[in-house]
Every structure is written in C-alpha cells, then in structure tokens.
Amino acid sequence: MVAKRYDLHVHSWFSNDCKSNPKDIIKIAIKNGLSGLAITDHNSIKFHHENFKSNELLIIPGVEVSTNRGHVIGLGIKETIKRRLSPEETVEEILDMGGLAIIPHPFDFTRRGIGKIIYDLKNIAVETVNGSCPVKFFNTKAKQMAAKSNLPETGGSDAHRLKDIGMAYTLTTEEITTADDLLEAIRKQRTTGEGSNLTIREKIIRTFQIHF
Ligand SMILES: [Zn+2]
Ligand SMILES: [Zn+2]
C-alpha cells in the first residue's frame, strides 16, 4: 500500500489572520500531491458550511479552538465549540460530538501551545510536526511526548499562506476513502506526523519575500 499524505492543519480566509482563498487552497493541495486536508480555522467552521468539494481531495471538517490555556483542534465536527473553556472541557466537547481531539503545537509557547497540561488530557492525538513552529525543538518535544505516552500522532502545516500548504503532514498507508476512515486510522495509531517546520530564516524570507 502506498503511503498517502494529509495536511491536517490548514487555515483559510475564514480565520482572521489568513487570506487564503478556499478554492486556491484546494488547487495547491492537489498540486502538492496531498490526498486530503483539514481546514482548521480559528474558532470558525464557516469553510465547512460552504461545502467546498473536490473529487481528487478528501476534505475533513475541523476547527482550531482557543481554550483558556491555548489551542485545541477538533476534527470531524461541524459545529464550533465555545472559546475559553479549559482544554479538558474542550476535548470532552469534541469527543461528545464524535470528533477527534488533536493538541496542535503543544510545546510552542510562542503560539498558544497548551504546554504541560497536555500530560493531564486523555483520548487525545498529538500534532507531532507543525509546519509553522519557529524552532524544531518544539516538534521534537511533541514527538517524544507522544511516543512516551503512547498517543496517536498527526502532522499539519498550520499554513496561513498558500505556499506553506503540505510542508508538514500526516502520513498513513491505511486505505482511506472517507473522513471517518482517516480519523479511525489516527485513533488506531496507524499515522505519523512528518515533514518539516519553517526555520526562522525561512520564515523571514517568506514573510518579506526576500531572495538571498
Ligand atoms: Zn494554533
Ligand atoms: Zn493553526
């Protein structure tokens, strides 16, 4: 079975800090060879209410929720969750809706990672590679934590711009046809977080479009 790539953390113009047009996101994801992606806008599920469709790409509903301690992603849910609940309450809400709770960039204290609280949470998956972490160490720490706690892992670019889509991703060799198949593969720990994060130098180059 060929391994397939899914970018499970992408933002669109329904996030207040992102200008990516949903149609362009889908186009770029296909061009970059992804088999699917999750749009996880900040506290908004509007992308998924617009019903963007693609025959070539599996689109997984999701949302990145701002809890009172940092970010938590809900995949496979089509409703938003109240902001500023505790991470634990947020995870419970996601599970009650039948979704999968992922803790994105947990150790990235510069970008609202929830930090050590992650050790108290149950029934979560860990985003072990986040493409927008400013330093690789944050991802390394997440990878070690997931392995040590025997938790499922995912990867996502956290792209706020089209050019970053697919630089980090979730890899699996499982047969996936629906969003539920993918969530199940993650729960069964048949996925890994892969790809790379932007180095600070790359981040500066991309931000200011500098060509060295
Ligand atoms: Zn985040
Ligand atoms: Zn994000």
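One-based numbering, in listed order, for ligands and for the atoms of each. Just so it is clear, the model here is predicted, and its values are computed rather than measured. Side chains included, hydrogens not; waters and symmetry mates left out as well; all remaining heavy atoms used.
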Counting backbone and side chain alike, does H105 bring an N/O/S atom below 2.8 Å of the Zn ion (ligand 1)? yes
Would you give the angle at the Zn ion (ligand 2) between H9 atom NE2 and H11 atom NE2, to the nearest 10°?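 So the angle at the metal works out to 110°.
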Is the backbone N or O of S132 less than 3.5 Å from a side-chain atom of N197, with the two atoms forming a donor-acceptor pair by type? no
Which atom, among the N/O/S set of E64, is closest to the Zn ion (ligand 1)? OE2
Just give me the atom name: the N, O or S atom of H71 closest to the Zn ion (ligand 1). ND1
D158, N/O/S atom nearest the Zn ion (ligand 2): OD1
Would you say T192 and T128 make side-chain contact, with heavy atoms under 4.5 Å?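 With C-beta onward as the side chain, the pair stays apart.
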For a quick test of reading the model, state the closest non-hydrogen atom pair linking R111 to H71 and the distance between them.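 Taking every non-hydrogen atom into account, O-ND1, 3.9 Å.
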Between T80 and N43, do the side chains contain a donor N or O and an acceptor N or O under 3.5 Å apart? no
Could you verify whether a donor N or O on one side chain and an acceptor N or O on the other, from N68 and S86, lie under 3.5 Å apart?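 On atom types as modelled, these side chains do not qualify, holding no pair under 3.5 Å.
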